[in-house]
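Each chain gets a letter, A, B and so on, in the order its sequence line appears, and its residues count up from 1.
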2 protein chains.
Amino acid sequence: MKTLKDVAQRAGVSTGSVSKVLNGHPSVSEVLKSKVDKAIAELNYRPNMVARSLRTKTTNTVAVMVPTSNDPYFVEFFRGVSLALRDIQCVPMLYSMEFNTDIPVNVIHEVLMRGVDGLIVSTYGWEQDIIDELFRISERLPVVSFKRSFPGTSVHSVNIDDQAGMNKAVQHLIKNGHRRIGFLAAGLDLKTGQDRLNGYRTALEASGIEFDDNLVVDCESFQIEAGYNKVQQLLKRYPRPTAIVGANDALAIGAMKYLESRNLRIPEEIAVMGYDDEPLSTLVTPKLSSVAVPVYEMTRRAVQMIDKALKGELHQAVNEMFPTEVIVRDSTDFSAHAEFEFGRFSR
Amino acid sequence: MKTLKDVAQRAGVSTGSVSKVLNGHPSVSEVLKSKVDKAIAELNYRPNMVARSLRTKTTNTVAVMVPTSNDPYFVEFFRGVSLALRDIQCVPMLYSMEFNTDIPVNVIHEVLMRGVDGLIVSTYGWEQDIIDELFRISERLPVVSFKRSFPGTSVHSVNIDDQAGMNKAVQHLIKNGHRRIGFLAAGLDLKTGQDRLNGYRTALEASGIEFDDNLVVDCESFQIEAGYNKVQQLLKRYPRPTAIVGANDALAIGAMKYLESRNLRIPEEIAVMGYDDEPLSTLVTPKLSSVAVPVYEMTRRAVQMIDKALKGELHQAVNEMFPTEVIVRDSTDFSAHAEFEFGRFSR
DNA sequence: ATGAAAGCGCTAACAT
DNA sequence: ATGTTAGCGCTTTCAT
């Protein structure tokens, strides 16, 4: 591999000059630049980023930590992050925890050792001690938290208003005439889980419908299987609910699959609503109504925050909220779409 | 940030000794080790990987290049790669092309500049000039190609036998009594696309069914929408096919969605079969029969190849084939499953 | 078994 | 405008 020194020799100039040309330093003459460019081309020289990083203490890498990559949700996440990072000449280092609880704290240290410039992280499922570690690290490099904010700390965030989002979802059902609405809750130990439940509750109360404990069941997980199992409790209530809302799409889909197995028609006998609008919501039958979260835009903004922080343009933690949108499909409104809607899968 | 020099000073030893302790060098006395360990703990020292990389010329990073991350297929891919790389103390640098054709060649150079130790790549959709670049780079570091092999080059590969896989899929349909079987082809400019078509053809011929050009339509893309549109041509054939096979799941699902819109019952009036067994195949109604590809195992093997190559244990390119498995579900066999099958989504 | 010292490839003062 | 030089933090001969 050719080095900068080789280039300098071939061009008959000093290494410092080559470096200046490489970095577009203002005071380089045209003639010097052309000599160096020529030598670079002839030698097919490429700078060694590791050596540069050692000097400049910046690596042009950003660590991206997710609890798992086995979630369709992160498909969009990776796409946005990859693209946005490329625009600022950075590359993502992927740290996928796969719910392996001993990993995060090691990773946090590794991130420091590797000298990444920033960190974008989804702390879903993290324990407090790891969060504390995150606060510590955020003093040393920009950290953006995804879908969870830590007010009063130096951790930035891109977030959505889950309570408002779920409120809108339930409003939609109420507008369609439902008054007995079951709720498949999850993540109640988390703000996001609580917010969704609160959104459900406030929507009911705003319409003068009394909140009924019996219509809420804690699924304890966000997985399809939990929705499938727990919806069975809701069906035993009397009068039976005419609509079911899931704290996320997977729970709603699990519920749908159970209703289907019982030959209950959706939405005629019972309507189902999801939350998050994952791509697969258009692929189940009937297509699932849901609440869309602008994941792609959020990732781009997260990268932008890192970039600004690195440029010293951020003097305090910023927490940005993104809007949600209710997407009405067949599972709550039989006449919603006559035509097949192509999902957001690329293939 | 503390450095190795700080540790040496505090422990009252030389930097070389600290380095030896850090790297588990054989000739270190117990007393030296304990002195150094103590200093490390007291200073909360962490080695600087960048500096180490500059010296050792190894970065403990592996570049992972995919054509797009917006594909449910890569969910499993990332999971396997992440986990396996972690086992060998490496971290993936994610290069997601997002079908941006000018990116790959730049990325190939960047990979070199960043000094990554290896490269795992899905060359789906790549032009020959970029492939050539890949061959060149494979002389300098281990490269493993995913689902595409390059015999006679130094590029390793993990691959599946698409022809055999598709052959088995069509055999399954024939065994169920089908003789007029439509094929939604795609990627015919690629070996993988050709192989799948050939598998279809050879299965027919082995059962004495004449291959009929009219029952094959080139979808020109692997996307749901193409399946939805192109299946319409197959339905116009006379006699109408009693089964449809997609070159991948998305095409099959697109076809299903069209059949559904025409109120054709699956599988009674027409059976549908996919290929790749993506997670969503269990979530559509009816559940889609498909051919499973061991993506997870393949990624782990890919990482293992990188590891072995790095250790100098691979003296020539290895190309490993993985087996496929026909997964029978409702879309080809009404009695396949009574119970709901939980998919492979984590939530 | 431990230490001294060179150097990986680059950048950034500082000097000219 | 260009060259000289020190040094980023670490590993690795080579001495001792």
Side-chain angles (χ1 to χ4, degrees), chain A residues 1-40 43-61 89 109-117 140, chain B residues 1-40 43-61 89 109-117 140:
Chain A
M1 209 63 177
K2 299 293 173 225
T3 72
L4 182 145
K5 204 168 154 191
D6 298 323
V7 175
Q9 260 159 19
R10 175 138 198 152
V13 301
S14 74
T15 58
S17 296
V18 175
S19 175
K20 273 166 194 145
V21 171
L22 242 33
N23 295 294
H25 198 88
S27 60
V28 284
S29 68
E30 274 307 317
V31 45
L32 174 67
K33 178 166 164 38
S34 66
K35 270 196 292 191
V36 170
D37 284 344
K38 183 157 164 285
I40 287 177
L43 295 175
N44 193 26
Y45 165 78
R46 313 263 168 202
N48 179 326
M49 305 284 272
V50 175
R52 175 179 290 173
S53 291
L54 181 58
R55 255 320 294 232
T56 61
K57 312 227 155 300
T58 122
T59 53
N60 286 319
T61 58
Q89 273 86 258
H109 292 145
E110 197 179 319
V111 155
L112 241 27
M113 287 163 56
R114 288 191 182 267
V116 305
D117 297 340
R140 316 181 44 62
Chain B
M1 210 61 179
K2 300 292 174 227
T3 71
L4 182 146
K5 204 169 153 191
D6 298 324
V7 176
Q9 258 158 21
R10 176 136 197 153
V13 301
S14 74
T15 58
S17 295
V18 177
S19 175
K20 273 164 196 146
V21 171
L22 243 32
N23 296 294
H25 197 89
S27 59
V28 284
S29 68
E30 273 308 316
V31 46
L32 174 65
K33 176 164 164 39
S34 67
K35 272 196 292 190
V36 170
D37 284 344
K38 184 157 163 284
I40 287 177
L43 295 174
N44 193 25
Y45 164 79
R46 312 263 169 204
N48 179 327
M49 305 284 272
V50 175
R52 175 178 291 174
S53 292
L54 180 58
R55 256 317 298 233
T56 60
K57 312 225 155 303
T58 123
T59 53
N60 285 324
T61 59
Q89 272 85 257
H109 291 146
E110 197 179 318
V111 156
L112 241 27
M113 287 164 56
R114 287 191 183 267
V116 304
D117 296 340
R140 316 183 43 62

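Qualifying salt bridge (charged side-chain N to carboxylate O under 4.0 Å, His left out) partners for B:Lys5, counting only residues two or more places apart in sequence or in other chains: none. Every residue meeting the side-chain contact (heavy atoms from CB on, under 4.5 Å) condition with B:Lys2, not counting sequence neighbours, appears here in chain and number order: B:Asp6, B:Leu43, B:Tyr45. With sequence neighbours excluded, no residue forms a salt bridge (charged side-chain N to carboxylate O under 4.0 Å, His left out) with A:Arg52. Applying the side-chain contact (heavy atoms from CB on, under 4.5 Å) rule to A:Arg140 yields the partners A:Leu112, B:Met1; only residues at least two apart in sequence or on another chain are considered. Qualifying side-chain contact (heavy atoms from CB on, under 4.5 Å) partners for A:Thr61, counting only residues two or more places apart in sequence or in other chains: A:Thr59, A:Val91, A:Met93, A:Val116, B:Met93, B:Arg114. Applying the side-chain hydrogen bond (donor to acceptor under 3.5 Å, both in side chains) test to A:Lys33 and every residue at least two apart in sequence or in another chain returns A:Asp37. When the side-chain contact (heavy atoms from CB on, under 4.5 Å) test is applied to B:Ser29, the partners found at least two apart in sequence or on another chain are B:Val31, B:Leu32. Looking at residues two or more places apart in sequence or on another chain, you find a side-chain hydrogen bond (donor to acceptor under 3.5 Å, both in side chains) between A:Ser14 and A:Ser17.
Among residues at least two apart or in separate chains, there is no salt bridge (charged side-chain N to carboxylate O under 4.0 Å, His left out) pair with a member in residues 13-27 of chain A.
As judged by a 4.0 angstrom heavy-atom cut-off over every strand, B:Val13 is placed among residues touching the sugar-phosphate backbone only.
A donor-acceptor pair under 3.5 Å links the side-chain atoms of B:Asn48 to the main chain of B:Val50, judged by distance alone.
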* To do: Quick one, give me the B/S/- string for nucleotides 6-16 of chain D, reading 5' to 3', where B means a protein heavy atom under 4.0 Å from the base and S means that only happens at the primed atoms, P, OP1 or OP2.
  => BBBBBBB----

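Contacts of residues 27-39 of chain A with DNA chain C (heavy atom under 4.0 Å): none.
Protein chain B touches strand DNA chain C; the 5'-most and 3'-most nucleotides with an atom under 4.0 angstrom of its non-hydrogen atoms are C:dA1 to C:dG9.
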